[in-house]
Amino acid sequence: MKRALKLSVGSIAAALALGLTAATALGQPFGAGHGPMRGMGQGVGAASHGRMAGPTAMLTKQDAGSAEDMNLVHDLLANNTKIKRTVTMLPDGIRTVTESDDPQVAQAIKAHVASMSQRLQDGREFNIFSGTLPVLFENREKIAAKVETTEKGAVVTRTSTDAKVVAALQGHAGEVTELVRDGMAAMRRGMMSRIAMGPGGMGSSMGPGSDRRGATPDHTH
């Protein structure tokens, strides 16, 4: 009984710690920042966004570029209504077109796509709550990719001969579509979903929420 009690208390403490981290992340004020979209976003005047210190701490893995990449993600989510995205489901993968009429948002899309593509190539995972990204990073050598930049954003085609990887590619495309559609609200749902699953529990989670409206017709990036 004593051992069971200790394990239970330990699990609760770990869950509370994760919850506190997320609570800090969701309410994290932004500082000076150095991202390419300084000064953009909802509720931002002369001040700039800054690095997302809170959410960056929630990443499953971190490296020297995590803060800058998270800053880009925040800017894109804060400007999600300016982004147009379509996803074509292919028999062996996906083709996505992500663009914006706003030059700054378009530039951020290109920077984000380039960074995430390089991360996938290098095996440097960037993930908070996605259940599909671990599959993609673990099987990155099975993915063929073609990335094209356009004046307004990027066109990405990713394919694989592995059925599990194809399913992950298509599932992740739905996750990104949800983030583009709902912005920061989708980010919050995903973070809270991870908290609900407990420490280390991304398991079968397939993204920010169970809602997949718009995923098929409408990252990966």
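Between Phe129 and Arg189 there is no side-chain heavy-atom pair separated by less than 4.5 Å. By the 4.5 Å heavy-atom criterion applied to side chains, Ser100 and Lys82 are counted as neighbours. At least one side-chain heavy atom of Arg85 sits less than 4.5 Å from a side-chain heavy atom of Thr96. Proximity of Thr98 to Val113: side-chain heavy atoms (C-beta onward) are nowhere separated by under 4.5 Å. Leu90 is listed as a side-chain neighbour of Thr157, based on a closest heavy-atom distance under 4.5 Å. Taking 4.5 Å as the limit, some side-chain heavy atom of Ile83 sits within range of a side-chain heavy atom of Leu76. Between Leu120 and Gln118, the closest side-chain pair of non-hydrogen atoms is not below 4.5 Å. Residues Val156 and Glu148 have side chains not in contact (no heavy-atom distance under 4.5 Å, counting atoms from C-beta outward).
Heavy atoms only, all atoms of each residue included: His112 and Leu72 are closest at N-CD1, 3.9 Å. In this structure, Ile109 and Gly153 approach most closely via the heavy-atom pair CG2-CA, 4.0 Å. Of all the heavy atoms in Phe126 and Arg119, the pair that sits closest is CB-CD, 3.7 Å. Of all heavy-atom pairs spanning Ile143 and Leu169, the tightest one is CD1-CD2, 4.4 Å. For the pair Ser66 and Asp63, the tightest heavy-atom approach, listed with the atom from each and the gap, is OG-N, 2.8 Å. The minimum heavy-atom distance linking Ala168 with Leu136 is given by the pair CB-CD2, 3.6 Å.
Distance alone, capped at 3.5 Å, is enough to place a donor-acceptor pair between the Gln170 side chain and the Gly93 backbone. Asn139 contributes no side-chain N or O that, together with a main-chain N or O of Lys142, makes up a donor-acceptor pair within less than 3.5 Å.
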Apply salt bridge (charged side-chain N to carboxylate O under 4.0 Å, His left out) to Asp101 and Lys84, showing your working.
CA-CA 9 Å; Asp101 292 330; Lys84 301 174 183 178; 3.0 Å; yes

Begin with the C-alpha distance, continue with both residues' side-chain angles, and end with the deciding distance and a verdict on side chain to side chain donor-acceptor pair (under 3.5 Å) for Thr150 and Glu99.
CA-CA 8 Å; Thr150 68; Glu99 297 182 315; 2.7 Å; yes

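Atom OG1 of residue Thr60 and atom CG of residue Asn127 lie 4.5 Å apart, to the nearest 0.5 angstrom. The OG1 atom of Thr56 sits 6.5 Å away from atom CD of Gln62, with the distance rounded to the nearest 0.5 Å. Rounded to the nearest 0.5 angstrom, Leu77 CG and Met70 CE are separated by 9.5 Å. One finds the CD atom of Glu138 at 7.0 Å from the NZ atom of Lys164 (value rounded to the nearest 0.5 Å).
Just one of Val73, Asn80, Asp182 meets the side chain to side chain contact (heavy atoms under 4.5 Å, CB included) condition when paired with Met187; it is Val73.
Other residues, nucleotides and ligands contribute only 12 or fewer heavy atoms inside 6.0 Å of the CZ atom of Arg95.
Side-chain contact check for Ser115 and Asp69: at least one donor-acceptor pair (N or O, by modelled atom type) lies under 3.5 Å. Counting only N and O atoms by type, the side chains of Arg140 and Ser160 include no donor and acceptor under 3.5 Å apart. Side-chain atoms of Glu175 and Thr132 form a donor-acceptor pair, as typed in the model, at a separation below 3.5 Å.
Taking the charged nitrogens against the carboxylate oxygens, Asp122 and Arg124 do have a contact shorter than 4.0 Å, which makes a salt bridge.
Hydrophobic clustering keeps Val135 apart from Val176 (ILVMFWY residues linked when any side-chain heavy atoms are closer than 4.5 Å, directly or through intermediates). Met89 and Val166 fall into different hydrophobic clusters, where Ile, Leu, Val, Met, Phe, Trp and Tyr side chains are chained together by heavy-atom contacts under 4.5 Å.
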